[in-house]
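What you are looking at is a predicted structure, and each value in this text was computed from that prediction instead of being measured. Order of the sequence lines sets the chain letters (A, B, ...), proteins ahead of strands, with each chain counted from 1.
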Number of protein chains: 2
Amino acid sequence: MNQPSPLNLDLQICRSLYSAANALIRAYRPLLEPLDLTYPQYLVMMALWEHDAVSVKTICDRTRLETGTVTPLLKRLEGKDLILRERSQEDERQRVIRLTRQGRDLKSRAERVPMEMACMELLTPKQGLELQRLSEALYRNAVARTDDKGTA
Amino acid sequence: MNQPSPLNLDLQICRSLYSAANALIRAYRPLLEPLDLTYPQYLVMMALWEHDAVSVKTICDRTRLETGTVTPLLKRLEGKDLILRERSQEDERQRVIRLTRQGRDLKSRAERVPMEMACMELLTPKQGLELQRLSEALYRNAVARTDDKGTA
DNA sequence: TAAAATATTATTGTGTGCAATTATATCGTG
DNA sequence: CACGATATAATTGCACACAATAATATTTTA
């Protein structure tokens, strides 16, 4: 029997996951374009719609993005008048990231995005839940290996 | 009953998938560093180890990366003396991407990477296969929606 | 209390990912 | 055969993703 090499591309889970994630982000693009948001920006906005006036660190935790990514991203959102970046009075190292009125108002338009994504039927609801469960397990284990960064 | 919002971050499959993919790439990093390769570069090298002397398009298809990503990446691999980028004689639009001796020799060192990744036990083998199956389904469906780019 | 350790955000530098576009070559059609 | 359509790789411009580092503030320790 011919044993496939461990380096065989079709055996690489990471390629599957990575390309699927990128493809999924691409699928979001036309839906987010009318909102003038990229996918990571959409993530950040969702975090703020859930809980406004939070620190950069909180946003990083909720979105699972790193500060090196989030800091310039927040600057761009501020440039679009969707958020304000203020200094915290309790702790001057911190920023308080606050939605503007436009930022808050955008939520109602954004509510269509998950619906429209579901309409694409990229996966069945069951498959989606299973994919999420496995992805979460992987994320948790990978993060646990590097440090104790237990995040939501 | 309080119905969670469709914009609830914890319900976003895409966040799970995206963060898991990024975390997995990060897990590869220390293993690929001694080889002086990034993960996408590793993908390209794997494609060439499987089948040497191919076009850029073939590499894009096998790695599922776009030419805008692959072209500069190949230039950097050439800069590391791992590949040669030649013009095809049959069709002058095309490049033939060829492994150098160093490029070929690197394969044996790279064969440890999948083993070492498995040792991390980020998922069970069963979970891994299931994750791959679902990711593949998602990738296929997402790609099919944009065009008929049926790829391996 | 002073100094060391840690936390927060920001920056720097590099490599990606991708939409739109370009230059050139090849293919298809009338 | 000439021309229009398409393909290939490359480029441009923008937004990420992240490791390493830096500036400043806060917490911890002795």
Side-chain angles (χ1 to χ4, degrees), chain A residues 14-15 18-30 32-33 36-44 54-61 63-80 85-97 142-143 146-147 149, chain B residues 14-15 18-30 32-33 36-44 54-61 63-80 85-97 142-143 146-147 149:
Chain A
C14 196
R15 186 191 66 155
Y18 193 54
S19 55
N22 285 335
L24 189 51
I25 301 289
R26 283 201 298 278
Y28 269 90
R29 230 173 234 128
L32 294 174
E33 197 210 5
D36 189 26
L37 295 176
T38 63
Y39 180 75
Q41 288 172 11
Y42 170 64
L43 270 189
V44 169
V54 291
S55 68
V56 175
K57 184 177 188 308
T58 298
I59 292 175
C60 290
D61 289 343
T63 57
R64 299 177 180 170
L65 301 172
E66 305 258 343
T67 170
T69 303
V70 167
T71 295
L73 186 155
L74 290 174
K75 284 179 180 176
R76 282 188 290 272
L77 288 180
E78 189 176 38
K80 293 175 184 177
R85 297 187 310 133
E86 297 166 342
R87 275 290 164 198
S88 165
Q89 285 174 23
E90 281 86 20
D91 180 341
E92 290 195 14
R93 294 172 300 182
Q94 295 199 354
R95 294 268 184 182
V96 179
I97 310 298
V143 166
T146 54
D147 59 41
K149 231 189 239 181
Chain B
C14 195
R15 185 191 66 156
Y18 191 54
S19 56
N22 285 336
L24 190 51
I25 301 289
R26 283 200 299 278
Y28 268 91
R29 231 173 235 128
L32 294 174
E33 198 210 6
D36 190 24
L37 295 177
T38 63
Y39 180 75
Q41 288 172 10
Y42 170 64
L43 270 190
V44 168
V54 290
S55 67
V56 174
K57 186 178 187 310
T58 299
I59 292 174
C60 290
D61 289 344
T63 58
R64 298 176 181 172
L65 302 171
E66 308 259 2
T67 172
T69 304
V70 166
T71 295
L73 185 156
L74 289 174
K75 283 179 182 175
R76 281 188 290 273
L77 287 181
E78 189 176 40
K80 294 176 184 177
R85 299 189 309 134
E86 299 167 342
R87 275 290 162 197
S88 166
Q89 285 175 24
E90 282 86 21
D91 180 341
E92 289 193 15
R93 296 171 300 181
Q94 295 200 354
R95 294 268 185 182
V96 179
I97 310 298
V143 166
T146 54
D147 59 40
K149 229 187 239 180

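- In this model, no side-chain donor or acceptor of B:Arg93 finds a partner on the base of D:dA9 within 3.5 Å.
- Distances from the side chain of A:Gln41 to the nucleotides C:dC18, D:dA15, C:dA10 place D:dA15 closest.
- Counted within 6.0 Å of NZ on A:Lys80, heavy atoms from surrounding residues, nucleotides or ligands total more than 12; the atom is thus considered enclosed.
- Proximity of B:Thr38 to the phosphate of C:dT14: no side-chain N or O atom is located under 4.0 Å from OP1 or OP2.
- Taking 4.0 angstrom as the limit, B:Gln94 places none of its side-chain polar atoms (N or O) nearer than this to OP1 or OP2 of C:dT26.
- Closest contact between the side chain of B:Val56 and the listed nucleotides C:dT26, D:dA9, D:dC16 involves D:dA9.
- Each of D:dT8, C:dA25, C:dA10 was ranked by its minimum atom distance to the side chain of B:Glu92; first place goes to C:dA25.
- Residue A:Glu66 has its side chain nearest to D:dC18 when only D:dC18, D:dA25, D:dA10 are considered.
- For B:Arg29, no side-chain nitrogen or oxygen approaches OP1 or OP2 of D:dC18 to under 4.0 Å.
- Proximity of A:Arg95 to the phosphate of C:dA10: a side-chain N or O atom is located under 4.0 Å from OP1 or OP2.
- Put simply, B:Lys75 has a side-chain N or O that comes within less than 4.0 Å of OP1 or OP2 on D:dT11.
- Distances shorter than 4.0 Å separate none of the side-chain N or O atoms of B:Thr71 from OP1 or OP2 on D:dT11.
- Closest approach to the A:Arg87 side chain among D:dA10, C:dT9, C:dA25 is made by C:dT9 (side chain taken as heavy atoms from C-beta onward).
- Of the candidate nucleotides C:dG15, D:dT6, D:dC18, C:dG15 has the atom lying nearest to any side-chain atom of B:Arg76.
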